[in-house]
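All values reported here derive from a predicted model rather than from experimental measurement. First the proteins, then the strands, lettered A, B, ... as listed; each starts at 1.
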Amino acid sequence: MKKITLKKSTLELVRTGPGSFRIDYERELNPAQLEAVEIVDGPVLVIAGAGTGKTRTLTYRVARLIETGLRPESILLLTFTRKAAREMLRRAAMLLDDRTERVAGGTFHSFAVSILRRHADRLKYERSFTILDQGDAEDVINLLRTRGGFAGRKRRFPRKGTLRAIFSSMMTTLTPLDVVLARDYPHFAELHDDIAALGRAYLGYKMKYNLMDYDDLLVNLVRLLESEPELREKLSSDYRYIMVDEYQDTNAIQARIVQLLGSHGNVMAVGDDSQSIYSFRGANFRNIMDFPKAFPGTRVVTLEENYRSTQPILDLTNEIIARASEKYQKQLFTSKQEGPAPAIIATENENMQSLFVVQRVLELREEGVPLSEIAVLFRAGYLSFDLEIELGKANVPFVKFGGIKFMETAHVKDIVAHLRVLENPRDVVSWHRILLLLEGVGPRTAQRVTDEITEGRLSLGPRAAERLGQFVRNKKILDLFEMLDSIRSEGIAPPDKAAVILEHYRPILKDKYDDFHKRLKDLDMFLEIAERYRSLQSLLTDLALEPPSESVADLEEEGKEREFLTLSTVHSAKGLEWHSVFVIHVLDGRFPMAASVRSDAEMEEERRLLYVACTRAKQNLYLLYPTYMYDRSTGTVLSKPSRFLDGISGNFLESFTLEVEE
DNA sequence: GAGACCGACGTTTTT
DNA sequence: CGTCGGTCTC
């Protein structure tokens, strides 16, 4: 056999001049976009207003970098979702060729996982660590909370969700506990010492059982980069060109990662401070404001020409955001002068709002607007329930984004917990979960079993029966162990493992839920997803980092031409656009939510959220609000339109009420 | 020690 | 309105 070796080449990679590029950048980009695309070295900050071709700019820049002769592998594209990265690289491939497939891309979290899977041992973790999603993290915290006796009899102690939020806030914003408490939870300030103790217990628990929550992925990556300088340098030179999308929604720890990896200074951050809507996740739009300070010599490019919306829509959105207290100055404009003014429509009640949307959607379809070009947006998942019922009655197909997730449903989590135990036998959280499903097993028995496992006295295998027999009588536990043992082998493909687990789980499901056949359909879907994987670890990682609601929708899209109406939370609508957009519940107390009145910062974020919602529209924008909504939380009746529309002249926003004809 | 029952509470957005 | 957490009973 011939052996091929590499010989040092004397050929120099010369960067060709603009004339010889295949892509005609100057014709296809506007001057500001072109400026951003042509910068190869040094830090760049692109402030890209809504609809100004941000994705286009990033896509062309990737193509450009490759065309100038850079290795695709040396480019790292960090985006908000993996889907976004995929989409950009796909578009870049259409411009250029499939070299773009070799570009490294993904979310901060998925990037962190890929590094940690290789180097976890340096942090005293095993590489097979389990990723805890938010619910899992809360389960662990709750376990420690009860076990540690914190849930004191008289004092009020924060709940698991609050505790998780507190710990997360400390991690993502690099802030000490006392500051977090003073700022966001003053009523718990006196519990500082207990909360701190619980936090330490949580940390130790995760370490002991080889678990990482979402924040750990980022924090541990930073720890790794800081404690292993040669690794940091290696990665930094591997990824000579870093691009970060949606920079306004990064948090302090992510900014730190960018700084550590981007020591070469070739970092392009792209974002829009006016669209920062993730502060609850520790994002701080100050990050983007401070980018030039973190990277001296930053060139700032501002994109202001909007290619999405008509001028009347921009006039309104410019008005909405003009009242924000702090931002990079920009004024969006477009050459699309013509178009109807945005409408604000008062409806008697929530159901009239739904009926109007249904009717108008049907009319639009008559007028030739495909359903795939129409969306209904709202502040929170539950706000579309009534509309969903009416759409069902009228046979309008729709897909909802945001809200309750496939992965968060109890039955899917149950199946996943079984798989996790196979991958990481020390994953006590999952053991606990699957043991509790068995009849006659409660918290006590479950703990006895998991203790045996963690002490190393019990594991899957032929000796399990003997050991179990010594301290439990429950036959079901033994069955569980035998079932898991039978599919433990790595040679068995993930879908086959899942199928066996499903057989075991089916009777439990039937017993537990009245609506079991609906849930069974979800589990069939789960099997389909598992079909795509050869390795259990990658299946589990993807499930944690990229909830499949999106991938499933993707699958359907390919087949069915996407003929459905989109319902979405504003958060999930980020980066998307439609011909006609309805924003429902633009009602003061709902949008902004009543709870946000507490602080100016939250109120500002609500404003940006409405801005994001309205800037999704290309042609038609309808804002709706019911004039009678009882609000349980405050015990009041909400009836006024969102305060963000106060003082906006009728020139920008036409008002309507509904007239019902029998 | 498991599971049913009851009362209180708070209520968003997502990797 | 539903979930969560705590208590009571079997």
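The interatomic distance linking A:I141 (CD1) with C:dG5 (P) rounds to 12 Å, in whole Å. If you measure from atom CD1 of A:I477 to atom C1' of B:dG1, you get 13 Å, rounded to the nearest angstrom. Taking atom CZ on A:R608 and atom C1' on B:dT13, their separation rounds to 13 Å, with Å as the unit. The distance between atom CD1 of A:I257 and atom P of B:dT15, rounded to the nearest whole Å, is 17 Å. Across the protein-nucleic acid pair, A:H432 atom NE2 and B:dA2 atom P stand 10 Å apart, rounded to whole Å. For the pair A:K400 NZ and B:dT14 P, the computed distance is 10 Å after rounding to whole Å. Atoms CG (A:L217) and C1' (B:dT15) sit 9 Å apart, rounded to a whole Å. The CZ-C1' distance, from A:F80 to B:dT14, rounds to 7 Å in whole Å.
Contact annotation for A:R281: base contact, defined as any heavy-atom pair under 4.0 Å involving a base atom. The residue A:V570 sits apart from the nucleic acid: no heavy atom pair falls under 4.0 Å. Looking at heavy-atom distances under 4.0 Å, A:N142 makes contact with sugar-phosphate atoms alone, never a base. Using a 4.0 Å heavy-atom distance criterion, A:E605 is classed as making no nucleic acid contact. As judged by a 4.0 angstrom heavy-atom cut-off over every strand, A:F108 is placed among residues making no nucleic acid contact.
Of all nucleotides listed (B:dT14, B:dG1, B:dG3), B:dG1 comes nearest to the side chain of A:R448. Distances from the side chain of A:R379 to the nucleotides C:dG6, B:dG1, B:dT13 place B:dT13 closest. Nearest nucleotide to the side chain of A:S572, out of B:dA2, B:dT15, B:dT14: B:dT14. Of the candidates B:dG3, C:dG5, B:dT12, the closest approach to any side-chain atom of A:E439 belongs to B:dG3. You'll find that the side chain of A:M593 is closest to B:dT12, out of B:dT15, B:dT12, B:dT14. Distances were taken from every side-chain heavy atom of A:A380 (C-beta onward) to each of B:dT13, B:dT15, B:dA2; the shortest belongs to B:dT13. In this structure, of B:dT13, B:dT15, B:dA2, it is B:dT13 that holds the atom nearest to the side chain of A:T569.
Counting heavy-atom neighbours within 6.0 Å of A:E439 CD, excluding the residue itself, gives a total of 12 or less. Atom NZ of A:K476 has 12 or fewer neighbouring heavy atoms from other residues, nucleotides or ligands inside a 6.0 Å radius.
Using modelled atom types, one finds a donor on one side chain and an acceptor on the other under 3.5 Å when comparing A:T541 with A:R117. Side-chain atoms of A:T175 and A:T173 include a donor-acceptor pair closer than 3.5 Å.
Aromatic ring pairs are classed by plane angle as parallel below 30°, tilted from 30° to 60° and perpendicular above 60°; the pair A:Y622 and A:F582 is parallel.
Residue A:G442 is the one, among A:T107 and A:G442, whose nearest nucleotide of DNA chain B lies closer to the 5' end (criterion: closest heavy atom). Mapping A:A446 and A:I277 onto DNA chain B via the closest heavy atom, the residue that lands nearer the 5' end is A:A446.
Under 4.0 Å is where a charged nitrogen must lie from a carboxylate oxygen, and between A:K54 and A:E246 at least one such pair does. Using a 4.0 Å cut-off between charged nitrogen and carboxylate oxygen, A:R420 and A:D136 count as a salt-bridge pair.
Straight-line distance between the P atoms of C:dG5 and B:dT12: roughly 15 Å, to the nearest whole Å. Here the separation of B:dT13 from C:dC4, taken at their P atoms, is 15 Å to the nearest Å.
For the pair A:S110 and B:dT15, the criterion of a side-chain N or O lying under 4.0 Å from OP1 or OP2 is not met. Between A:R145 and C:dG6 there is a side-chain N or O to OP1 or OP2 distance below 4.0 Å. Side-chain nitrogen and oxygen atoms of A:T81 include none within less than 4.0 Å of the OP1 or OP2 phosphate oxygen of B:dT15.
Stacking of A:F280 onto the six-membered ring of B:dT13 is present: less than 5.5 angstrom between centres, less than 30° between planes.
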